[in-house]
Amino acid sequence: MKYRNGLVKKAAALFVSAALIGATCTPVSAATVPDLDLTKTGSIEMTLMDADGVTVSGGAVTVYEVATLTLDDGNMAYVFTDDFADCTVTLDVTDTTLAASLVSYMDGLSITGTEKEVASDGTVSFTGLELGLYLAVQTTASADYETISPFVVTLPMDEDGVWVYNVNANPKVGTVTLIEEEPEPETTVEEPEPETPAEEPESETPAEEEEQPTTEETVTETVEETVPETTTADPILPQTGQLNWPVPILLIGGFVLLIAGFVLKNSDHKNRRYAS
């Protein structure tokens, strides 16, 4: 599919403008077609800068070849590359929304571009490019900065009636402030509360059991009821008529008789000895 961007008569001027969204490329002015050399190659050199003009290093930029530049019956025309063959976007380089429209078309597609890392001085260069229309996208942001806005570049580019094949672009990240990382919320681990053992419900005692006396009380009451009260009295011994006063006399008399018998026995032994 071929798209023509502004028919230019052989004697008329060619209007080619680079819509650099966020870039500071000089707009294309009129130039005559005979001066255009399609055998040459071009280059794009970018210098990333912040709002204060300080270069921003790091990150990476990718350029995609959207269309090639051709001459059709002496008129300049842009023809979509194979990766953009199904794109229905009108290639009007004066349209400031062209870059955003091309990015939207690429969403979800596997389109390969040429990626370069941004040097420490904030520069990145793409050389040996065929003449045509290119889309520049920062695929990796610089540290602490947001990515630059995508923009389109045409090779060559007219500056004061001269075709420039090596284009310098200074995309700005000037309105971008440092990205402050939000602190991660502190997470506190709550200790589980100790489980409180469930209190066993007190067993209700039936009213009948509360009224029943214990076994000891029952026995005590039974004993108290069955055992009659008894009274203890001093025993009365029967009177036999025996007297106590003769007892000592009899003892003394028996003792005297015992001694008398012992004396008589000794005397009998002595007499028998003398008689023999």
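Positions are given from 1, in the same order as the sequence printed here. What you are looking at is a predicted structure, and each value in this text was computed from that prediction instead of being measured.
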| field | I111 with L129, same ILVMFWY side-chain cluster at under 4.5 Å | value | yes
| Could you state the interatomic distance from CG (L69) to CG (L71), rounded to the nearest 0.5 Å? | 6.5 Å
| request: Would you check if there is a donor-acceptor pair between the side chains of D121 and T123 at a distance under 3.5 Å? | output: yes
| query | Side-chain heavy atoms under 4.5 angstrom apart, residues restricted to Ile, Leu, Val, Met, Phe, Trp, Tyr: same cluster for V89 and L133? | reply | yes
| message | Ignoring hydrogens and geometry beyond distance, is a side-chain donor-acceptor pair present between E115 and T139 at under 3.5 Å? | response | yes
| said: Any heavy-atom pair between the side chains of Y165 and T41 that's under 4.5 Å? | reply: no
| query | Just by distance, do the side chain of K116 and the backbone of S125 share a donor-acceptor pair under 3.5 Å? | reply | yes
| query | Which heavy-atom pair separates V63 from F126 by the least distance, and what is that distance? | reply | CG2-CD2, 3.5 Å
| message | Just verifying a value: how many Å separate L131 CG and M157 CE, rounded to the nearest 0.5 Å? | response | 14.0 Å
| message | I'd like to check M46 versus V167 (side-chain heavy atoms, cut-off strictly below 4.5 Å). Are they in contact? | response | no
| message | Donor-acceptor pair, distance only, cut-off 3.5 Å: does the side chain of D72 make one with the backbone of N75? | response | no
| S142 side chain to G58 backbone, donor-acceptor under 3.5 Å | yes
| task | Decide yes or no on ring-ring contact (aromatic ring centres under 6.0 Å, His included) for F84 and Y105, but give the supporting numbers first. | result | CA-CA 8 Å; F84 292 84; Y105 169 78; 5.7 Å; yes
| Do you know which two heavy atoms are closest between F151 and P171, and how far apart they sit? | CE2-CB, 3.8 Å
| query | So, the side chain of T70 versus the backbone of A77: is there a donor-acceptor pair under 3.5 Å, distance only? | reply | yes
| field | Derivation and outcome, side-chain contact (heavy atoms from CB on, under 4.5 Å), residues D83 and E65 | value | CA-CA 9 Å; D83 288 336; E65 186 181 10; over 6 Å; no
| message | I'd like to know if V164 and L38 are part of one continuous hydrophobic network [Ile/Leu/Val/Met/Phe/Trp/Tyr, side-chain heavy atoms within less than 4.5 Å]. | response | no
| request: Mind listing the closest non-hydrogen atom pair of E146 and Q138 along with its distance? | output: O-OE1, 4.3 Å
| request: Go through the steps to decide whether V103 and L135 satisfy the test side-chain contact (heavy atoms from CB on, under 4.5 Å), and finish with yes or no. | output: CA-CA 8 Å; V103 171; L135 172 68; 4.0 Å; yes
| message | Counting only heavy atoms from other residues, nucleotides and ligands, does the tally under 6.0 Å from CD of E117 exceed 12? | response | no
| query | Are V137 and L109 connected in a single hydrophobic cluster, I mean Ile/Leu/Val/Met/Phe/Trp/Tyr linked by side-chain heavy atoms less than 4.5 Å apart? | reply | yes
| message | Once rounded to the nearest 0.5 Å, what's the spacing between atom OG of S57 and atom CG of L48? | response | 9.5 Å
| message | Does any part of the side chain of P156, heavy atoms only, come nearer than 4.5 Å to the side chain of D37, both counted from C-beta? | response | no
| task | Determine yes or no for a side-chain-to-main-chain donor-acceptor pair under 3.5 angstrom, with T62 supplying the side chain and G113 the backbone. | result | no
| request: Starting at CD1 of I148, measure out to CE of M49 and round the result to the nearest 0.5 Å. | output: 13.0 Å
| message | For the backbone of I44 and the side chain of Y134, can you confirm whether one donor and one acceptor N or O come within less than 3.5 Å of each other? | response | no
| request: Could you pull out the closest heavy-atom pair between G42 and N166, with the gap in Å? | output: C-OD1, 4.1 Å
| Does a side-chain heavy-atom distance below 4.5 Å link Y64 with T114? | no
| message | Do Y78 and T68 have side chains that approach each other closer than 4.5 Å (heavy atoms only, starting at C-beta)? | response | no
| field | Passing candidate, side-chain hydrogen bond (donor to acceptor under 3.5 Å, both in side chains) with D92, options T96, T90, T94 | value | T94
| request: Give a yes or no on whether the backbone of A141 and the side-chain of T147 come within a donor-acceptor separation of less than 3.5 Å. | output: no
| task | Kindly compute the distance separating OG (S149) from NZ (K172), expressed to the nearest 0.5 Å. | result | 13.5 Å
| Between the side chain of D52 and the main-chain N/O of V54, is any donor-acceptor distance below 3.5 Å? | no
| Atom CH2 in W163, atom NZ in K40: separation rounded to 0.5 Å? | 12.0 Å
| message | Exactly one of L98, V152, T154, V79 should register a side chain to side chain contact (heavy atoms under 4.5 Å, CB included) with L91. Which one does? | response | L98
